[in-house]
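Here the structure is laid out as structure tokens; the discussion comes afterwards.
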Number of protein chains: 2
Amino acid sequence: MAKSTQPESRERGRDPERTRELILDAAEQLFAAKGYEETSLADVGKQAGVSRATPGYFFGSKAELHRAVIERCFADVRRAVREGKARALASGQTPEVVLAGAVGDYADFVAARPNFVRLIEREALSDRVVLDGMPLRLAVWQEALAAFRQELGLDISDTAEAAHLLLSLVALTWFPIVHGQTFLKAVGLDPTAPNFAEQRKRHITTLLLGALRERAANTSTWS
Amino acid sequence: MAKSTQPESRERGRDPERTRELILDAAEQLFAAKGYEETSLADVGKQAGVSRATPGYFFGSKAELHRAVIERCFADVRRAVREGKARALASGQTPEVVLAGAVGDYADFVAARPNFVRLIEREALSDRVVLDGMPLRLAVWQEALAAFRQELGLDISDTAEAAHLLLSLVALTWFPIVHGQTFLKAVGLDPTAPNFAEQRKRHITTLLLGALRERAANTSTWS
DNA sequence: ATTAACTTGCTGGACGTATAGCATTTTAAT
DNA sequence: ATTAAAATGCTATACGTCCAGCAAGTTAAT
């Protein structure tokens, strides 16, 4: 082992791994809150408690730092997807119950990590196509779709329908995170209210369950 | 009238109103595509076919230009809301048919004006709270909510439910505009395909109609 | 000729990046 | 065990670029 002697946490020592994580945390926070352009490497350094030049030292360039932040973010999403899938399949419940659970789980996940939603949203708005060189993004969504179909017992049937369902789930859960201070407030919804989260989950579950039932009725009865 | 003598279109004359609109068009395009920070006033000038400093001459500052772009954008949204409301109320159809029509109308609107969606989305992501000094934004969404309730015959009943429904409609129609090149592509949906728009409209209509029916059943039967 | 509609020139500041240098840790020879 | 040398972590400084805003100039309409 190269790093054999680090049994204790070093409060004031040098710790490149820790520093790296601190910089990633700071960058994630700032990129999500202010965006890529409005965030300077000096800002990141200050927020991370290091010098102005350290982020550049560790990541080479601002673009690379950004890339690293996104990558870590998608890795977290993938972990959540896998955990949700495992739990859903282990439960052995009907598709309806599984769907309700998935809605709750995913809503909780994005509510707990608004930075992720904001980051990915900003990423999508930037026309710079980052699909090249970022296979993780693609893989995560594809994995999520596969898990979704499997959880819901839609294995053989129409792919597009499952994709639309997943798309709707994501759209419905993300929107309040981004527009909580604008749209939501305007229509009289307070996303910080204690009952809002549950209210929203019920609403989304109702929407998706309706479509799922309608689809089940159609396929089993007519085709 | 101050502007009495402009019967003909001037190809090569000076026309501050026209120039102003050209600048607004250019700024809207660039702000939506690249974002506020990545767009320089020189870019706007070039795109509008005027000089570097002309945008600044007309709008005073970059921030003011941005504000004007957003304001015009919301004015267009309001016009669309009013037209949709008028058409829906004039049709005299059942809430179900009206909802299906509203979904189609709104989906067409955002599909025809992706710049608007991107602009508002960017705006919401920027934490600078622009609600102060921008009463139009607030008013437009409130008007949309009121129209929605009236169209659907939800006048007296639960406001929160109508707000959630409208929120879901907006979330479901906006998402493909923003994430067409990332999420949609990853799950195998092609938003540019000829059948996608209709497919999506049907899906969204199914979702919302299910909730509407469920709600109608609950309120009329149980309460 | 007066005013409004632009344009060109300029500047002060902010930012990304490259680099030289200092401090601390690790390695290895003795 | 001691210590010199090498490597690594991190900082301070400097340079080139970009851009918003201003000021002064130029052109066109009335």
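Protein chains get the first letters and strands the later ones, always in sequence-line order, with residue 1 at the start of each.
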Separation of B:D15 atom CG from D:dT30 atom P, in whole Å? 11 Å
Might you work through the salt bridge (Lys or Arg N to Asp or Glu O under 4.0 Å) test for A:R137 and A:E123, ending with a clear yes or no? CA-CA 11 Å; A:R137 307 171 56 118; A:E123 254 293 294; 2.8 Å; yes
DNA chain C nearest-nucleotide lookup for A:T39 and B:S51: closer to the 5′ end is B:S51
Would you mind reading off the distance between A:R52 atom CZ and C:dG21 atom C1', rounded to a whole angstrom? 16 Å
Between A:D43 and A:A53, name the one whose nearest nucleotide on DNA chain C is closer to the 5' end. A:D43
Nearest whole Å is fine: how far is C:dA4 P from B:R20 CZ? 16 Å
Within less than 4.0 Å of OP1 or OP2 of C:dC6, is there a side-chain N or O belonging to B:T19? yes
Rounded to whole Å, please give me the gap between OH in A:Y57 and C1' in D:dT13. 17 Å
Passes salt bridge (Lys or Arg N to Asp or Glu O under 4.0 Å), A:K201 versus A:E198? Steps please. CA-CA 5 Å; A:K201 279 186 207 170; A:E198 285 309 316; 3.3 Å; yes
To the nearest angstrom, the CZ-P distance between A:R18 and D:dC10 comes to 10 Å
Between P of D:dA20 and CD of A:E38, the distance in whole Å: 12 Å
How long is the line joining CG of B:L41 and C1' of D:dC18, in whole Å? 13 Å
Out of C:dA5, C:dT17, D:dT11, whichever nucleotide has its closest atom nearest the side chain of A:V50: D:dT11
Let me know the distance between CD of B:E17 and C1' of C:dA4, rounded to the nearest Å. 14 Å
Checking A:R200 side chain against A:T173 main chain: does a donor-acceptor pair fall under 3.5 Å? no
D:dC10, C:dC15, D:dT11: which one has an atom nearest the side-chain heavy atoms of A:S40? C:dC15
Taking the six-membered ring for Trp, are the ring centroids of A:H179 and B:W174 within less than 6.0 Å of each other? yes
Measure across B:V81 and B:A147 and return the closest heavy-atom pair with its distance rounded to 0.1 Å. CG1-CB, 4.4 Å
Which listed nucleotide (D:dC10, C:dG16, D:dG21) is nearest to the side chain of A:F58? D:dC10
